[in-house]
Amino acid sequence: MTTLRDRSTPTTKDRAALAVATMALFVAAANLRPAIAAVSPLVDRIRLDLGLSSTGVALLTTVPTLAMGLCAPLAAAIGRRFGLQRGVLIGLVVVTIATAARGFGTATWLQLSCAAVVGAGIAIAQTLLPAVVKSRFAERAGLVTGIYTAGLGLGGAVAAGISAPLADALDSWAGALASWAVLAVAGILLWSAARSALRLDDVSGPQGPATKGLPLRSATAWQITVLAALNSALYYCELAWVAPLLHDAGGYREAYAGFLLTAMISIQVVAMLAVPALLGERRDKRIGLALTTVLTAVGFLGLALSPATATWLWIVALGIGHGGLFTLVLTVPVSMSRDVAEAGRYSAMAFFVGYAAAAVAPVLVGALRDETGNFRLAFGLLGGATVLLLVPIAGMVRRD
């Protein structure tokens with residue numbers, strides 16, 4: 001007797017297509033941080049070459065981050081007009097062109113202009129990729145979100161570790177920054193080649209965070225927003241200033257300081273996957289959020305007070321703590337909302353305010369570095385601000 005094959009059972013061809021689509025998503029995500037992370041280990045060279053203060057050089061991190069927030073509505077419009085497949089491709093092309101243009105000179109206006117355009121390209125791709133996850137990987141959304149997040153972290157880690165040696169080899173920090181266009185080209189080629197596997201040709205983009213009102217009168221929304229804003233601010237301060245701190249206060253060479261930053265981000269990538277897995281699917285995230293917050297604070301305070309002593313301890317604390325915290329914060333809008341629509345409004349509000357905070361924070365750290373001559377006060381304040389996160393975390397109430 002012949003039985004019909006269960007149509008829900010994936011075939012070998014289906015699995016192969018899924019693997020190709022996942023790889024394309026991972027490589028696309030890996031292109032969304034190198035343009036920012038590559039600056040950190042080269043800060044001292046750039047600052048001296050361009051005659052900038054620490055506040056001024058922080059703009060190379062602040063400008064693309066601010067552009068990422070401001071251009072999110074543009075990303076949504078592109079997704080609706082061209083669909084997810086071509087929308088993400090447009091974002092990668094913009095990142096490629098702007099990154100490559102960094103190699104045309106060392107003028108401050110050129111580098112800041114390229115940074116702004118890079119931020120716009122990142123905004124386009126980054127805004128649309130979660131919709132790709134929901135559309136193509138709905139049955140494996142948790143796993144694929146972890147892979148997507150790991151791609152973000154790994155791209156930043158590699159850029160932080162390799163940029164200083166690249167600058168030495170090319171005898172040009174601008175050339176080192178521009179070299180990350182090669183990775184972006186690889187992302188374009190793979191995303192294009194995976195078109196049939198991604199199955200996104202007829203899928204339009206999301207409505208976008210600017211199309212619906214933000215829940216500005218909701219106490220719950222503000223709790224989530226404060227948590228997300230500081231989480232983003234801490235992340236971009238790490239990208240911008242951990243390596244310079246280790247070079248200035250820790251006495252490490254630029255290349256080794258960049259390696260330590262790479263190690264920290266790599267540990268974060270592992271923690272992004274491991275911490276949620278260890279906590280399971282429980283909706284109440286407060287214990288996990290509190291533990292990872294404390295570890296993150298220990299890392300910042302350790303770097304502030306004793307960067308040259310027990311350096312690896314502080315790096316590991318920041319790696320495990322902020323890696324786990326970063327991923328858990330992304331789950332908070334879902335765990336504290338009543339439905340999908342409310343989760344979307346919470347996320348939209350946290351997104352806009354979060355990127356504003358992420359844009360301002362590195363500049364403030366740079367200003368404190370200029371004023372005091374070191375990073376002790378700035379990183380001490382970051383550690384103290386992290387401890388204060390325990391207040392909104394403790395007040396979180398589940399909505400079942």
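- Once rounded to the nearest 0.5 Å, the distance linking CD1 of I122 with CZ of R33 reads 6.5 Å.
- For the atom pair OG1 of T386 and CG of L295, the computed distance is 11.5 Å after rounding to the nearest 0.5 Å.
- Inter-residue side-chain proximity for L246 and T311 is flagged as met; some heavy-atom pair is nearer than 4.5 Å.
- In the model, W180 has a side-chain atom that pairs as donor or acceptor with a side-chain atom of S163 under 3.5 Å.
- F326 meets the ring pair (Phe, Tyr, Trp, His ring centres under 6.0 Å) test with Y235; sequence neighbours excluded.
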Audit row: Y236, T62, side-chain hydrogen bond (donor to acceptor under 3.5 Å, both in side chains) steps and yes/no
CA-CA 9 Å; Y236 284 98; T62 291; over 6 Å; no
Determine, step by step, whether F82 and L89 satisfy the side chain to side chain contact (heavy atoms under 4.5 Å, CB included) criterion, reporting the C-alpha distance in whole Å, the side-chain angles of both residues, the deciding distance to 0.1 Å, and the verdict.
CA-CA 10 Å; F82 298 102; L89 188 62; over 6 Å; no
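- Rounded to the nearest 0.5 angstrom, T327 OG1 and N231 CG are separated by 9.0 Å.
- A donor-acceptor pair is defined here as one N or O able to donate and one able to accept, closer than 3.5 Å; such a pair exists between the side chain of T292 and the backbone of L289.
- Of the possible polar contacts, none joining the T61 side chain to the A240 backbone as a donor-acceptor pair under 3.5 Å is found.
- Residues P34 and V158 have side chains not in contact (no heavy-atom distance under 4.5 Å, counting atoms from C-beta outward).
- In this structure, W173 contributes its side chain and L166 its backbone to no donor-acceptor pair below 3.5 Å.
- Residue A29 comes nearest to L152 through the heavy atom pair O-CD2, 3.4 Å, listed as atom of the first residue, atom of the second, then distance.
- Among all heavy-atom pairs drawn from N31 and G187, the shortest one is ND2-CA, 3.8 Å.
- The CD atom of Q268 sits 5.0 Å away from the CD atom of E238 when rounded to the nearest 0.5 Å.
- To the nearest 0.5 angstrom, L318 atom CG is 10.0 Å from L313 atom CG.
- Between the side chain of Q111 and the backbone N or O of R102 there is at least one donor-acceptor pair closer than 3.5 Å.
- Of all the heavy atoms in T55 and A367, the pair that sits closest is OG1-CA, 3.0 Å.
- Minimum interatomic distance between A233 and A361 (heavy atoms only, all atoms of both residues): CB-CB, 3.7 Å.
- Pairing each heavy atom of P362 with each of A58, the nearest pair is O-CB, 3.6 Å.
- Of all heavy-atom pairs spanning S40 and L239, the tightest one is CB-O, 2.6 Å.
- By the 4.5 Å heavy-atom criterion applied to side chains, S53 and R47 are not counted as neighbours.
- Classified by interplanar angle (parallel below 30°, tilted 30° to 60°, perpendicular above 60°), the ring pair F379/F300 is tilted.
- Of the inter-residue distances, the one linking T293 atom OG1 with L230 atom CG reads 8.5 Å to the nearest 0.5 angstrom.
- R45 has a carboxylate O that lies under 4.0 Å from a charged side-chain N of D168, or vice versa, which qualifies the two as a salt bridge.
- Using a 4.5 Å cut-off between side-chain heavy atoms of Ile, Leu, Val, Met, Phe, Trp and Tyr, with links allowed through other members, M272 and I315 fall into the same hydrophobic cluster.
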